[in-house]
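Only one structure is covered here, and it is reproduced in the block below.
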Amino acid sequence: MLYAATIFSSAFLLFLVQPLVSKHILPWFGGSAAVWATCLVFFQSVLLLGYAYSDRLSRLRSPSAQVGLHAALLLASLLALPVLAGPGWKPDGSEDPGLYILLLLTATVGLPYLALSATGPLIQSWAARAGEGPRVYRLFSLSNFASLLALLAYPFLIEPWLPLPVQSSAWSLIYAGFGALCIASGVALLRRLRGQAANDDAVEEDSAAAPPGLGRVALWVSLSAMGSWLLLAITNHITQNVAAIPFLWILPLTLYLFTFVLCFESDRWYRRSVLLIPAFVILAVCSFGLQESRLGFDIKVAIPLYCACLFIACLFLHGEMARLRPAPRHLTRFYLALSFGGAAGGVMVGLLAPKVLPGYHELGIGFVLVALLMAVVLRERRILLACGLLLALVCAINLWSQIRMDRHSARLMERNFYGRLLVRDVPTGKEGVTARRLLHGAILHGEQYLSAGNRNKPTTYYGTSSGVGRLLALPDGPGGRHVGVIGLGTGTLAAYGETGDRFRFYDIDPAVVAVAQREFSYLSDSKAAIDIVVGDARLSLDREPPNRFDVLVVDAFSGDSIPVHLMTREALAIYRRHMKDDGVIAFHVSNRFLSLAPVVEALARDAGLHATLVADRKPAAPLTRSDWVLVAAQQRALLRPAVAAGASQPPVIAGLRPWTDDASNLFRVLK
């Protein structure tokens with residue numbers, strides 16, 4: 001029970017610290033979903049280092065030395081508490097975000113995370129040395145169960161109720177308790193070893209077990225790597241290409257962890273003969289779905305289909321891992337191989353794929369590799385080997401068709417740390433009229449007519465009947481207007497620029513800036529003077545002297561991974577510093593899944609400002625329905641006829657507190 005309690009607490013803390021630290025640094029890097037992926041790569045890599053440390057430590061002949069060294073690491077890690085990075089770590093915008101995140105995490109949470117990572121294999125090796133035998137592998141199932149509980153507890157039970165500093169303090173206290181448990185486990189091991197002249201016959205037999213060969217280690221690594229690969233690739237596919245639904249990333253990770261729980265709890269859950277046919281079929285169907293919109297991209301079909309694929313594929317991969325597990329004497333080497341494979345899969349999908357692949361092709365590549373790995377695992381039976389190779393060929397053909405289709409349908413497709421950008425020319429329904437669209441994953445970021453007569457018309461969410469359109473269509477004051485825009489997109493709002501106006505755009509993604517300038521003409525055709533600032537808007541505004549904006553447009557909330565740091569009390573204070581006395585801040589809150597208007601209303605009320613909602617429900621074709629909340633210090637700025645017509649009070653959610661950098665709750669505003 002002592003070993004179980006230690007492993008449970010270490011795994012729970014291990015998964016709890018990941019969202020805690022990630023949320024803390026999310027505002028510093030623009031709230032991008034890629035921040036989570038980079039953090040995941042870091043945590044997998046440190047997990048690998050922790051497993052390597054436990055493997056090396058467990059091979060020391062002296063149990064006292066093992067316990068003493070690990071106790072020293074635990075005590076040293078206490079010096080890193082609390083684990084939240086200080087303000088001195090805030091980036092200035094010139095750094096490579098991926099590398100800087102890795103450096104920041106190493107310096108702040110690296111040592112405690114290393115100690116937590118090493119605990120599972122090390123405690124299991126101590127249990128095996130104390131005579132527990134093969135039962136120790138059930139502790140691995142327990143650790144994954146604890147990780148699963150932490151994963152589900154954080155967004156639904158912890159994040160909504162506790163601000164980050166409180167979370168950090170509570171985590172640190174529990175971590176200190178974990179350290180005491182871990183040291184107590186070591187002391188218990190030493191007492192047990194002293195109480196017996198030698199371990200029993202089972203332990204002696206385990207000690208004589210031959211070490212695993214290179215081929216078996218390679219299989220361990222490959223099986224683990226492909227599980228990690230599929231986890232990230234399927235998460236990318238359903239969150240970026242299918243539906244921008246908040247918390248959707250939790251579902252694949254839950255299924256992934258649950259397969260570990262099943263496969264290592266006992267041998268009764270994984271039956272190769274039962275699983276093979278479903279695995280072959282669903283891999284073939286999902287690889288085909290990447291080029292077929294109904295299967296691969298329709299929300300009602302694609303989410304259950306690809307989550308089922310992840311579960312079945314990982315059940316096979318992790319079930320085969322469990323079948324190949326070694327004698328307990330070599331379990332730390334086994335876990336080291338699993339960790340290395342998981343980190344390798346994460347690095348390839350999380351770091352390398354965005355740099356080398358123009359689109360989300362890593363899932364198709366993953367299907368091919370999994371099929372080849374199945375052929376290797378099943379090679380002893382020729383018919384199964386042939387089926388695996390045939391499946392790999394089918395997946396490769398589907399991958400090639402997907403790549404060819406993407407290239408044919410897209411005018412431009414490129415990808416970086418912040419996601420994939422796609423530019424397409426599509427017919428509008430009117431004969432001879434074509435529109436050029438910019439998509440970021442599954443989210444439309446603007447479009448422009450290519451015909452000369454309609455070329456400079458505001459489209460999508462920015463028509464003259466929208467909240468921002470009503471503001472910007474008002475006559476210019478003396479000397480022109482100064483307009484700030486957070487979120488460039490295609491630069492559509494520049495169409496409202498008149499001679500003497502100044503438009504200052506902020507966008508965190510340099511690729512968006514390049515595409516807006518090269519593929520769309522809103523910026524070049526505008527009569528206004530245009531400035532573009534590359535970098536996180538909030539950080540940029542915080543560094544700039546007051547801009548005295550007439551209008552500040554905050555337009556960055558259409559997807560699932562909304563940059564929460566742009567709609568907090570602290571963010572609003574920064575915006576107000578840049579506004580004229582009668583200026584208006586326009587929040588674009590159109591979102592399929594989140595009710596964001598009450599969040600802005602709560603912020604405005606908290607700051608003593610006035611707010612009004614302009615809901616454009618029936619815009620003239622081909623404009624898009626939109627919701628804008630306009631916030632101003634002076635109510636008369638919102639009572640001008642062009643703005644007030646059809647406007648209403650923003651809805652209120654009872655008990656919703658103003659969001660801050662330390663406390664926000666997406667769960668409360670789900671539609």
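Being a predicted model, the structure only gives us computed values, none of them experimental.
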With sequence neighbours left out, the residues meeting side chain to side chain donor-acceptor pair (under 3.5 Å) with H24 are none
As an exercise, state the distance from CG of L99 to CG of L103, rounded to the nearest 0.5 Å. 9.0 Å
For R420, is there an ion pair with E414 - N to carboxylate O distance below 4.0 angstrom? no
Output yes when a side-chain donor or acceptor of S228 lies under 3.5 Å from a complementary backbone atom of A225, and no otherwise. no
Hey, can you pull the donor-acceptor pairs under 3.5 Å for the side chains in residues 334-358, sequence neighbours left out?
residue : atom : partner : partner atom : Å
Y335    : OH   : Q124    : OE1          : 2.6
S339    : OG   : L47     : O            : 3.4
S339    : OG   : L48     : N            : 2.8

Hey, what do you get for CE (M374) to CG (L389), rounding to the nearest 0.5 Å? 11.5 Å
Between atom OG of S401 and atom CG of D406, what is the distance when rounded to the nearest 0.5 Å? 11.0 Å
Flag the pair V109 / V46 as yes when at least one side-chain heavy-atom distance between them is below 4.5 Å, and no otherwise. no
Taking every non-hydrogen atom, the tightest pair across P121 and L331: O-CD1, 3.6 Å
Contact between M321 and F264 at the side-chain level, heavy atoms closer than 4.5 Å - yes or no? yes
Would you give the length of the straight line joining atom CZ of F156 to atom CG of L151, rounded to the nearest 0.5 angstrom? 8.5 Å
Give me the atom names and distance for the closest heavy-atom approach of G296 to H237. O-NE2, 2.8 Å
Is a donor on one side and an acceptor on the other found under 3.5 Å between the side chain of S224 and the backbone of W220? no
Heavy-atom side-chain contact between Q291 and N398 under 4.5 Å: yes
Whether the side chain of Y306 engages the backbone of C286 through a donor-acceptor N/O pair (distance < 3.5 Å, no angle test) should be reported. yes
Please examine the side chains of V377 and F316, heavy atoms only from C-beta on, and report whether any two atoms are closer than 4.5 Å. yes
Is the CZ atom of F667 crowded by more than 12 outside heavy atoms at less than 6.0 Å? no
Do W269 and L315 come close enough that some side-chain heavy atom pair is under 4.5 Å? no
Student check: side-chain heavy atoms of N236 and L363 closer than 4.5 Å: no
Between Y154 and Q167: side-chain donor-acceptor atoms closer than 3.5 Å: yes
Heavy-atom side-chain contact between F178 and T119 under 4.5 Å: yes
Note, E320 side chain near L219 side chain (heavy atom, < 4.5 Å): no
Parallel, tilted or perpendicular: which describes the rings of Y175 and W171, with under 30° parallel and over 60° perpendicular? parallel
Kindly confirm or rule out a cation-pi arrangement of R323 over Y270, judged by NZ or CZ under 6.0 Å from the six-membered ring centre and within 45° of its axis? no
For a side-chain hydrogen bond (donor to acceptor under 3.5 Å, both in side chains) check, start with the C-alpha distance between T332 and S125, then their side-chain angles and the critical distance, and finish with the verdict. CA-CA 7 Å; T332 56; S125 73; over 6 Å; no
